[in-house]
Amino acid sequence: GRFDGTRWKYWLTAVGGGAGPCRAPACDADTSFLNPAFAFALVEDDSGRVWLSNWGVTDDQVRNPGALERIDDSTDPPSFDRISHWPDTLTVASVRHTFGVGSTRDSLGGIWIGMDSAERENPDFTPIGIDRYDRYGNWVATYGPSSDGLITGRVMALTTDFNGTIWIATAGGGVQYFTWSSSSQAPVFQRVSPTDNVDVRGIAVAGDSVWAQTTNDVRIYTRRSPTLQVKLPVPAAPSENAGNTVEVAPDGSIWVGTVNGIRVYNRNGTIRTDYTVANSPLGSDDIRVIRTDRATGQIWVGTSAGLSRFDP
């Protein structure tokens, strides 16, 4: 759904369906999604369309194939299109391209989707890495761990810095990155120093620093010649069902979500404050995603029990 500050707009498979009833005038509903039960990897392209991965079902691909859905809600009614077939589907199960969790838009307008899997231990459905789409929405390539330099196919979060470098949070491969420009043909994946194989669940760039949330701590790397500078304590691990739980607020503070609330750091790594259900309006301490509205400066927090908004 989308909230414009006054009312909600929902997109469901059926009005009042599995996602709950949508009662006018509180919201509007549309029935254009193939399968919106598992929606991840939201990202907006240059034209204002919102992309999201709606996961398919591995043992029911005929009825629930999943898709990469795209919405343009600047029109009335909103227009929808989707990608549900990929050129490599003779060798790769199509449903594997729907398991997006991380996403970013590069400096040229291209879209990159990082993958996980609903059955990652099953050889038929192992995570495939990163899908790349051009600025027009066409699939270009998949970059995986076999020969492309990506350490693992599980890519949990992506972000693009102001110089066009794309930073990658991987599960089991630490932090990787690559530079991207108009002359780039394919990414050259590199690793931060020192290399490690930690699980990284969230990533964000704050000035000349890269902040990465692992399952045990928060790490700050230098953006240039990426090197680990410090490890910071966290109140708990990130949620297993989380998207990117690291965000830079308009005032430069860094917000990190865990299963025990939010820790807010100052840019120098000192702790500013902790938010939990005990001292804030959070619906739950289980934080799933944190994002900033750049137009208003408001910080939106998705939890396991609903959505919260913090005003600057």
Side-chain angles (χ1 to χ4, degrees), residues 40-41 43 53 68 86-93 96-117 120-135 138-205 208-215 219-229 244 246:
F40 293 94
V43 64
S53 291
L68 187 61
W86 287 262
D88 63 351
T89 51
L90 288 177
T91 56
V92 177
R96 294 168 73 186
H97 289 280
T98 72
F99 296 146
V101 284
S103 60
T104 192
R105 181 178 65 194
D106 67 36
S107 57
L108 304 176
I111 301 293
W112 302 72
I113 307 291
M115 299 296 171
D116 198 357
S117 174
R120 54 181 176 266
E121 304 304 324
N122 184 333
D124 292 332
F125 301 111
T126 54
I128 59 176
I130 301 175
D131 272 347
R132 173 188 161 205
Y133 299 84
D134 65 23
R135 64 180 305 174
N138 303 304
W139 177 84
V140 177
T142 299
Y143 304 103
S146 58
S147 59
D148 294 314
L150 197 61
I151 301 302
T152 172
R154 292 189 70 198
V155 176
M156 311 309 293
L158 298 160
T159 193
T160 303
D161 71 21
F162 51 85
N163 279 340
T165 298
I166 294 178
W167 298 87
I168 309 165
T170 76
V175 175
Q176 292 193 254
Y177 65 97
F178 61 91
T179 56
W180 194 253
S181 68
S182 58
S183 61
S184 300
Q185 298 297 313
V188 178
F189 294 102
Q190 301 181 69
R191 303 185 74 180
V192 297
S193 177
T195 59
D196 54 43
N197 294 318
V198 296
D199 287 349
V200 184
R201 301 303 300 270
I203 196 161
V205 176
D208 283 329
S209 298
V210 178
W211 291 63
Q213 180 186 19
T214 78
T215 50
R219 304 182 179 200
I220 304 177
Y221 298 88
T222 53
R223 188 180 59 80
R224 301 171 182 172
S225 301
T227 304
L228 178 64
Q229 296 298 294
N244 195 346
V246 181

Work out which heavy atom in [X] is nearest to a heavy atom in [Y]; give both atom names and the distance.
| X | Y | answer |
| --- | --- | --- |
| G153 | P127 | O-CB, 3.3 Å |
| A41 | G102 | CB-O, 3.9 Å |
| V200 | A169 | CG1-CB, 3.4 Å |
| D199 | A171 | OD1-C, 3.2 Å |

Would you say the side chain of [Y] lies within less than 4.5 Å of the side chain of [X], judging by non-hydrogen atoms?
| X | Y | answer |
| --- | --- | --- |
| M156 | D116 | yes |
| W112 | V43 | no |
| H97 | L68 | no |
| I113 | S103 | yes |

Which residue, V192, I166, V188, L158, forms the side-chain contact (heavy atoms from CB on, under 4.5 Å) with Y177?
V192
Looking only at atom types and distance, does a side-chain atom of [X] sit under 3.5 Å from a main-chain N or O of [Y], one as donor and one as acceptor?
| X | Y | value |
| --- | --- | --- |
| T152 | G173 | no |
| S181 | T179 | no |
| Q176 | G149 | yes |
| T160 | R105 | yes |

Measure the [atom1]-[atom2] distance between [X] and [Y] for me, rounded to the nearest 0.5 Å.
| X | Y | atom1 | atom2 | value |
| --- | --- | --- | --- | --- |
| T170 | L150 | OG1 | CG | 7.0 Å |
| F178 | T165 | CZ | OG1 | 9.0 Å |
| M115 | R154 | CE | CZ | 13.5 Å |
| L228 | T222 | CG | OG1 | 9.0 Å |
| S53 | F40 | OG | CZ | 9.5 Å |

Polar side chain donor-acceptor pair, T126 to R96, under 3.5 angstrom
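The answer is yes; a qualifying pair exists.
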[X]: what forms a salt bridge (charged side-chain N to carboxylate O under 4.0 Å, His left out) with it, not counting sequence neighbours?
| X | value |
| --- | --- |
| D106 | none |
| R191 | none |
| D134 | none |
| R223 | D161, D208 |

For residues 168-189, the salt bridge (Lys or Arg N to Asp or Glu O under 4.0 Å) pairs (sequence neighbours left out) are none
Pair I203, V210 - check side-chain contact (heavy atoms from CB on, under 4.5 Å), show working.
CA-CA 7 Å; I203 196 161; V210 178; 3.9 Å; yes
Stepwise, does the side-chain contact (heavy atoms from CB on, under 4.5 Å) test hold for F189 with I130?
CA-CA 11 Å; F189 294 102; I130 301 175; 4.0 Å; yes
ring-ring contact (aromatic ring centres under 6.0 Å, His included) against Y221, all qualifying residues, sequence neighbours excluded
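Y221 satisfies ring-ring contact (aromatic ring centres under 6.0 Å, His included) with no residue once adjacent residues are dropped.
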Walk me through it: do F99 and D131 pass the test side-chain contact (heavy atoms from CB on, under 4.5 Å)?
CA-CA 10 Å; F99 296 146; D131 272 347; over 6 Å; no
